[in-house]
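Contents: one structure, followed by commentary.
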Amino acid sequence: MKVLILPDTATAVSRVADILAQTLDAGRGCTMGLATGGTMVPLYAEIVARHRAGQLSLAQVTTFNLDEYVGLAPDHPGSYHRYMAEVLFDHTDIRPGHAHLPRGDAPDPRAEAMAYEARIAREGGIDLQVLGLGQNGHIAFNEPTSSLGSRTRIKTLTDDTRRANRPYFDREEDMPRYAITMGIATILEARAIVLLATGASKADAVAAMVEGPVSALCPASALQLHPKATIVLDAKAASALRLTNYYHHVHPDGQESDYS
Ligand code: GLP
């Protein structure tokens, strides 16, 4: 696990944007896994800005988002379809039909989850998976106690997660109870992973993910099993880590080094 600690949110976001840009440059026709949530908003704004400046293109990429709320149609204001269109897709040159999300309004959500998993495999898997981190240690919507061997499926959201995402919905009763989410084993099959966490509210989850035991209680700790996982943090999100000096020593200013 590479732990890159940047002084503030802007530099952490820019570091992740660099990693995305390198993957886009390296592989014409690469496949990326994408995340949602507040943390990703400045990242996608940076990608859009770089696209507008002619520095990067999404014309050759295929994307798969991690998750979607069960019951929400793509045009629902709280859906991740809408989020992705508004913060990223509508402002870039991604080709229509090459940005995938599970359909929350599928008549049979279980079948949709299985079909989504199959679609990822048909595309040859994911080259770079972008992740955020829930305050309770979840990745995508794999809530604590999710099987580390899980595949794309339906998960019941915890009260904590529903509370955290409540601001995206007008009324309490609109907040969904279930989501279709890539599983932890699905995520671990990505050839490379980059997780972005910013702010003090993520500090405990970051410490559990990086320095705690591998445990279903902290789903993100499963990333310790991945050979190419990069964790990009701002100073606040890194504030509960114990080996901070070592991470700074190996990756000064969050930069790459010959040996990690
Ligand atoms: C949601 C998403 C996750 C995201 C998490 C953190 O639950 N399903 O993919 O990482 O929230 O969100 P935020 O970045 O808003 O803290």
Side-chain angles (χ1 to χ4, degrees), residues 9-10 12-13 16-17 20 32-47 63-72 76-84 86-88 100-102 104 109 113 116 120 126 128-146 150 152-169 174-184 186-188 190 193-206 208-210 218-223 229-234 236-238 240:
T9 304
V13 163
V16 176
L20 263 64
M32 265 191 201
L34 297 179
T36 50
T39 311
M40 298 298 142
V41 171
L43 173 65
Y44 295 143
E46 172 86 18
I47 297 296
T63 64
F64 283 94
N65 264 81
L66 289 164
D67 43 18
E68 179 58 287
Y69 293 110
V70 169
L72 300 195
H76 189 287
S79 75
Y80 285 160
H81 278 81
R82 265 287 279 276
Y83 168 105
M84 290 306 297
E86 283 171 8
V87 302
L88 185 68
H100 304 281
L101 290 94
Y116 195 69
I120 296 169
I126 289 171
L128 176 66
Q129 175 67 57
V130 180
L131 293 176
L133 179 66
Q135 289 178 30
N136 63 4
H138 74 223
I139 44 175
F141 272 132
N142 294 287
E143 298 284 29
T145 73
S146 285
S150 52
T152 307
R153 70 208 182 294
I154 315 298
K155 276 303 286 182
T156 303
L157 304 178
T158 61
D159 285 345
D160 284 348
T161 297
R162 295 185 72 229
R163 219 171 294 124
N165 288 291
R166 171 73 182 81
Y168 295 101
F169 293 85
D174 293 343
M175 178 66 223
R177 294 183 174 278
Y178 308 99
I180 299 178
T181 178
M182 278 190 208
I184 296 175
T186 318
I187 291 169
L188 291 180
I193 294 177
V194 59
L195 181 145
L196 172 65
T198 54
S201 67
K202 301 293 170 70
D204 290 344
V206 165
M209 163 177 70
V210 177
C218 176
S221 65
L223 300 184
T230 303
I231 311 298
V232 181
L233 307 169
D234 66 5
K236 285 182 180 159

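Every number for a ligand or one of its atoms is a count from 1 in the order of the listing. FYI, side chains are in, hydrogens and waters are out, and symmetry mates aren't considered; it's all heavy atoms of this structure. Bear in mind that the values here come from a model prediction, so they are computed numbers and not experimental data.
Those atoms of ligand 1 that come under 4.0 Å of a heavy atom in Tyr80, given as number and element, are 1 (C), 2 (C), 8 (N). Per-residue contacts place Lys202 under 4.0 angstrom from the following atoms of ligand 1 (heavy atoms of the residue considered): 13 (P), 14 (O), 16 (O). Close approach to Asn165 involves these atoms of ligand 1, each under 4.0 Å from a residue heavy atom: 7 (O). Atoms of ligand 1 lying under 4.0 Å from any heavy atom of His138, numbered from 1 in the order shown and given with element: 1 (C), 5 (C), 7 (O), 11 (O). Listed by number with element, the atoms of ligand 1 under 4.0 Å from a non-hydrogen atom of Phe141 are 1 (C), 7 (O), 8 (N). Remark: ligand 1 atoms within the under-4.0 Å shell around heavy atoms of Gly132 are 10 (O).
In terms of protein heavy-atom proximity, atom 12 (O) of ligand 1 is closest to Gly37 CA, 3.9 Å. Looking only at protein heavy atoms, the nearest one to atom 4 (C) of ligand 1 is Thr36 O, 3.8 Å. Of all protein heavy atoms, the one lying nearest to atom 6 (C) of ligand 1 is Leu133 O, 3.5 Å. Atom 14 (O) of ligand 1 has Thr39 OG1, 2.5 Å as its closest protein atom, hydrogens excluded (heavy atom only). Protein heavy atom in closest approach to atom 8 (N) of ligand 1: Asp67 OD2, 2.9 Å.
Residues Tyr178 and Phe141 keep their aromatic ring centres 6.0 Å or farther apart.
Residue Met40 does not touch ligand 1, judged by heavy-atom distances below 4.0 Å. Residue Leu131 does not touch ligand 1, judged by heavy-atom distances below 4.0 Å. Contacts of Ala179 with ligand 1, taken as heavy-atom pairs under 4.0 Å, are absent altogether.
The side chain to side chain donor-acceptor pair (under 3.5 Å) test with Thr161 singles out one residue from Glu143, Lys155, Arg166, and that residue is Glu143.
Note on ring orientation: taking the six-membered ring where Trp is involved, the planes of Tyr69 and Tyr80 are tilted (angle from 30° to 60°). The aromatic rings of Phe64 and His100 lie parallel to each other, with less than 30° between the two planes, well short of the 60° mark.
The residue from Ala35, Gly38, Gly134 that puts a heavy atom closest to atom 15 (O) of ligand 1 is Gly38.
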